[in-house]
Each structure stands twice: as C-alpha cells, then as structure tokens.
Chemist: 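Before we start, here is the structure in question, set down as structure tokens.
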Amino acid sequence: MIFTNFKEIDSAGRIVISKDIRKHLNLNAGDVLQINADDECITIRKAEAKCVFCNSLEDLIEFQGKHICKACAEKLSHQ
C-alpha cells in the first residue's frame, strides 16, 4: 500500500506524519527516525535497532531502552 500526503512545513521546520501512515508503519511517540537527503529527495524511515557500542544489527538485547549486542554485553560483563 502506498500513502501520499502533501504537508506544509511550519515556521519551526516541522511536518506532521498523518495518523494513517504512523499506524501503518507502527510509529509511536518517542520512536527515532532516520532522515537522509540527497540533491532531490528526503527519505524518512524508522531507525533500525543497533548496538550502541559497535553498531551491530545482530543478536541484540534491550537494556533500559538501549540495544546492546550479545558480544558487547559479554565484554561488559568481564570488565
């Protein structure tokens, strides 16, 4: 399903993501979005969970709202 919306940027530089898009993408208040831009296009996507230490995307565990891979958690346990 493709959603298309036209939104005006307010004076603070904000745009509103419509409720139907937020629901479709399971976006909630507090979620982190990754924003990329090139010469002609802006891409906004939900940020991937990754290890706060090594940026690994594999074998993640969540601790107090942060993601840590098992390898880094193991290293921390031996400190």
Side-chain angles (χ1 to χ4, degrees):
M1 180 180 292
I2 296 176
F3 293 90
T4 301
N5 286 276
F6 295 91
K7 300 290 181 175
E8 186 173 318
I9 299 172
D10 72 11
S11 61
R14 298 174 291 212
I15 60 169
V16 174
I17 300 172
S18 64
K19 184 178 180 179
D20 57 335
I21 292 176
R22 292 192 320 266
K23 184 177 179 182
H24 178 73
L25 296 175
N26 193 30
L27 294 174
N28 300 295
D31 286 347
V32 176
L33 301 177
Q34 176 182 341
I35 303 172
N36 297 316
D38 62 24
D39 292 336
E40 299 179 11
C41 183
I42 298 171
T43 306
I44 303 173
R45 67 179 62 203
K46 194 170 185 177
E48 292 182 47
K50 60 184 176 180
C51 177
V52 296
F53 296 109
C54 71
N55 295 324
S56 173
L57 301 172
E58 298 179 14
D59 295 324
L60 298 176
I61 55 175
E62 188 172 340
F63 178 72
Q64 296 183 351
K66 305 290 183 188
H67 292 91
I68 304 169
C69 71
K70 290 183 179 179
C72 286
E74 181 70 23
K75 289 176 187 175
L76 286 171
S77 70
H78 294 290
Q79 293 276 328

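Nothing fancy with the numbering, it's 1 onward along the sequence.
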Chemist: Which atom names give the shortest non-hydrogen contact between Leu60 and Ala49, and what distance separates them?
Modeler: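 Looks like CD1-O, 3.3 Å.
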
Chemist: Taking atom CD as the centre, does Glu62 end up with more than 12 heavy-atom neighbours from other residues, nucleotides or ligands that are less than 6.0 angstrom away?
Modeler: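 For Glu62, atom CD is crowded (more than 12 foreign heavy atoms under 6.0 Å).
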
Chemist: If you look only at distance, which donor and acceptor atoms sit under 3.5 Å apart when one is on a side chain in residues 63-79 and the other is two or more places apart or in another chain?
Modeler:
residue, atom, partner, partner atom, Å
Glu74, OE2, His78, NE2, 2.5
Ser77, OG, Glu74, O, 2.7

Chemist: Heavy atoms only: give me the nearest Cys41-Thr43 pair and the separation to one decimal.
Modeler: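 The answer is SG-OG1, 4.0 Å.
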
Chemist: Closest approach of Glu40 and Asp38, non-hydrogen atoms and distance?
Modeler: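 Nearest pair, atom of Glu40 first, then Asp38: N-OD1, 2.8 Å.
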
Chemist: Who pairs with Asp10 by side-chain hydrogen bond (donor to acceptor under 3.5 Å, both in side chains), at least two apart in sequence or on another chain?
Modeler: Arg14

Chemist: Please list every donor-acceptor pair under 3.5 Å in which a side-chain atom of residues 16-33 meets a protein atom from a residue at least two apart or in another chain.
Modeler:
residue, atom, partner, partner atom, Å
Ser18, OG, Asn5, ND2, 3.3
Ser18, OG, Asp20, OD1, 2.4
Arg22, NH1, Ile17, O, 2.4
Asp31, OD2, Asn28, N, 2.7

